[in-house]
Amino acid sequence: MITEKLQTLNPMQKKAVLKTDGPILILAGAGSGKTRVLTHRIAYLIDALNVNAFNILALTFTNKAAKEMKQRVCEITQSGSDVWVSTFHSTCVRILRRDIQNLGYTNQFTIYDADDSEKLIKEILKTLQLDEKMFSPKSVMAEIGKQKDNLITPDVFLETADNFRLKKIAEIYKIYQSRLKANNSLDFDDLIFKTVELFSKNADILDKYQQRFKYIMVDEYQDTNTSQYKLIKLLSSKHKNICVVGDDDQSIYGWRGANIRNILDFEKDFKNAEVIKLEQNYRSTKVILNAANMVIKNNFGRKSKSLWTENIDGDKIICRCLDSDLEEAKFISEKINEKVKSNTANYGDFAVLYRNNALSRVIEERLVLSSIPYRLFGAQNFYSRKEIKDILAYLKVIYNPHDDIAIKRIINVPKRGIGDSSIEKVNAYAEKNSISFMEALSQANEISELKSRSKKLFSFYSLIKDLSELSEEISVSQLLNAVLDKTNYISEFAEESKSDISGRIDNIQELINKAVEYEQNNEDASLSGFLEEISLVADIDNLNNDENRVVLMTLHSSKGLEFDYVFMAGFEEGIFPSFRSILEGEPNIMEEERRLCYVGITRAKKQLYISYAKTRLQHGKYVYNTASRFLKEIPKDYLDLSENVSKTENISSPVKITKAENKFKPKKTYSGLKNNYAANIPSPKNIVLDFNIGDKVRQMKYGIGTVKKISPAGADYEVTVEFEKVGEKKVMAMLAKLKKL
DNA sequence: GCAAGCCCAGATAGT
DNA sequence: CTGGGCTTGC
């Protein structure tokens with residue numbers, strides 16, 4: 001069975017699978033089949049060596065990778081579902097939920113996202129009377145995060161801090177940690193740090209997990225930071241069966257604490273480690289792979305490795321210099337339509353990759369105009385929308401009444417006449433009596449300073465108390481409905497802003513859908529489980545391969561994925577490499593940008609498109625950029641420049657254009673998804689609507705309605721529909737998928 | 001306590 | 001251009 005399957009592997013892959021005992025580093029180049037090796041390795045352990053699936057741990061960075069690996073393991077071995085495959089963060093949450101009481105938290109802890117953390121930092125800055133200009137919450141957070149990634153406690157940090165600023169940040173860090181603890185909450189970095197702390201302080205607990213995890217596998221090892229490294233080291237130190245897979249050339253998370261030394265020094269860290277290199281690429285054409293190799297060659301301090309492929313040469317990389325960001329977007333959409341209309345590709349075969357999220361907007365707008373279905377990842381995360389954060393804050397408070405950040409978020413949302421001064425008074429009372437904010441609320445009547453306002457505060461307390469009691473009996477989705485119902489959340493905000501309310505209602509509905517979905521997928525569904533999933537699931541985890549839509553994402557998000565046709569947009573100095581990386585002047589920083597470029601190029605299987613614009617709108621101004629230095633690192637032989645009208649690729653140094661000059665620059669011809677579609681847009685040709693004015697139609701979110709008006713807009717039609725539930729709305733026929741009844 | 005309005009600063013990347 | 005913070009006038 002499994003031995004037959006091993007025959008499909010190449011010699012190096014097979015060697016990696018068969019070497020099951022002791023430390024092993026698999027240096028897996030892009031597209032060399034590392035997931036295949038990992039999954040076969042797991043299957044081999046189970047089916048050939050009779051290892052209990054329960055004794056295997058596989059760690060990944062994203063839920064998507066975990067999900068995919070689990071699925072593929074299940075395909076090749078029956079007991080695959082018993083293997084513990086999950087991300088570092090979820091693994092740690094699982095461990096902490098069981099044993100965190102040893103560190104003085106309760107297992108009802110909540111998880112803070114970056115937003116929550118920043119709010120807490122801001123509060124602390126206020127109490128310390130520090131200027132937010134000197135200590136911007138973001139930079140403070142970044143500094144604290146850096147310490148946490150390196151397992152440095154506030155006290156140790158204070159000792160090493162050698163200037164005023166760092167000393168102050170150490171002080172903030174200390175208070176931050178104590179506040180987190182008082183709130184019974186952990187931030188992202190804590191999830192790893194606290195698990196390491198738990199293991200370090202409790203030999204018996206560590207022993208329990210060491211016993212269990214006889215075989216450990218780590219994906220994307222080049223992205224591990226010091227705390228993750230320590231975690232792996234601790235867990236594997238008993239059985240020493242540790243298999244890490246990674247590619248130093250794809251290390252692109254240095255800014256998140258990833259320590260490239262982890263992979264470069266693996267053989268020193270783990271005695272008797274074997275190193276296996278997977279150098280045959282099965283993904284890309286020769287042209288693409290060679291171009292990638294030529295770029296990455298410019299980095300120093302790499303593990304020696306040379307990727308090759310037996311694939312065909314393939315077409316040259318189409319490289320295009322456009323006049324503006326709008327032209328670039330047009331170029332991309334035209335190329336996509338060309339291929340799709342000639343039936344050589346589907347929308348789902350394309351990805352558009354860019355260095356930062358801001359670049360997606362122009363492209364997105366153009367895709368809408370061209371009626372190209374797409375899916376945008378990253379950007380404004382669904383869970384970071386106001387209304388979603390509000391509702392989730394209710395759930396968090398219900399689950400963990402010590403979560404002051406969540407309480408303060410919702411205590412006056414919807415408006416209940418509770419302002420800052422009341423909150424301050426409750427705060428003072430809580431501190432004086434050393435009780436939590438929520439406990440203080442329960443005693444609101446005793447706080448004389450509140451006078452008549454105490455009623456409002458107490459009724460908020462009762463509201464939460466009622467909901468908490470309810471939460472014991474009902475499901476998460478029912479609880480969500482109860483929250484909406486008891487707070488009048490929707491009707492309250494319906495009054496304040498009439499403009500974008502339907503979008504917000506949609507979002508809330510979507511949240512309820514997600515809760516229902518969660519309940520269906522998990523037998524042991526619980527409030528904590530739902531909150532966890534939401535905190536730890538990234539946007540990209542929902543990438544669905546069979547959606548048949550063009551995918552738009554950052555270069556970072558694209559790691560681990562592959563597409564037939566890849567566009568790398570915004571290939572400009574100041575964009576990619578980023579302005580900041582140029583400014584830093586640090587070779588290490590620039591090398592990471594180059595690795596990012598390598599990652600991008602190697603996502604493409606058949607054809608790569610590189611584009612850059614002479615000018616683009618940034619911060620409301622037109623900016624001139626020159627072609628990216630990385631473009632010059634790709635030999636001309638690999639580039640197809642024939643489509644460029646003018647050969648003026650290299651423009652003089654970046655020039656900032658002032659407002660006054662702006663009116664002479666290219667003008668936007670269309671702006672945004674909602675309004676003024678300009679005249680030079682093709683009229684609809686390819687779509688025939690099967691409904692007319694007066695017909696009843698159905699739309700997924702809005703339900704049933706009557707068509708009021710139909711007008712051409714770009715290559716689609718804008719349809720005005722009077723919906724029974726949500727009233728009149730304007731939607732695009734194709735995008736909204738209107739169905740005639 | 002709250003809404004409106006002004007002003008200023010600000011933009012890598014994401015578990 | 002956008003969002004957050006702060007001021008102001010109810």
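Computation of the quantities below employed the complete heavy-atom set of this structure, encompassing side-chain atoms and omitting hydrogens, waters and symmetry-equivalent molecules. Since we're looking at a predicted model, the values are computed, not measured.
- Look at the C1' atom in both C/dG5 and B/dT12: the space between them is 24 Å, to the nearest Å.
- Side chain of A/Asn298 to main chain of A/Val295: a donor-acceptor pair is present (N/O by atom type, distance under 3.5 Å, no hydrogens or angles).
- Put simply, CG on A/Asn356 is 17 Å from P on C/dT2, counting in whole angstrom units.
- Within 4.0 Å of A/Phe188, counting heavy atoms only, lies at least one base atom of the nucleic acid.
- Rounded to an integer number of Å, the gap from CZ of A/Arg385 to P of C/dT2 is 16 Å.
- Rounding to whole angstrom units, CZ of residue A/Phe382 and P of B/dG14 are separated by 19 Å.
- Under the salt bridge (charged side-chain N to carboxylate O under 4.0 Å, His left out) rule, A/Asp116 has a single partner from A/Arg409, A/Lys122, A/Lys408, A/Lys389, which is A/Lys389.
- Toward the 5′ end of DNA chain B lies the nearest nucleotide of A/Ile423, the other residue of the pair A/Glu592 and A/Ile423 mapping further downstream.
- With sequence neighbours excluded, the residues satisfying salt bridge (charged side-chain N to carboxylate O under 4.0 Å, His left out) with A/Arg302 are A/Asp249.
- The aromatic ring of A/His619 sits over the base of B/dA11, with ring centres less than 5.5 Å apart and planes inclined by under 30°.
- Atom NZ in A/Lys451 sits roughly 15 Å away from atom C1' in B/dG1 (whole-Å rounding).
- At whole-Å resolution of the value, CD1 in A/Ile111 and P in B/dT15 are 14 Å apart.
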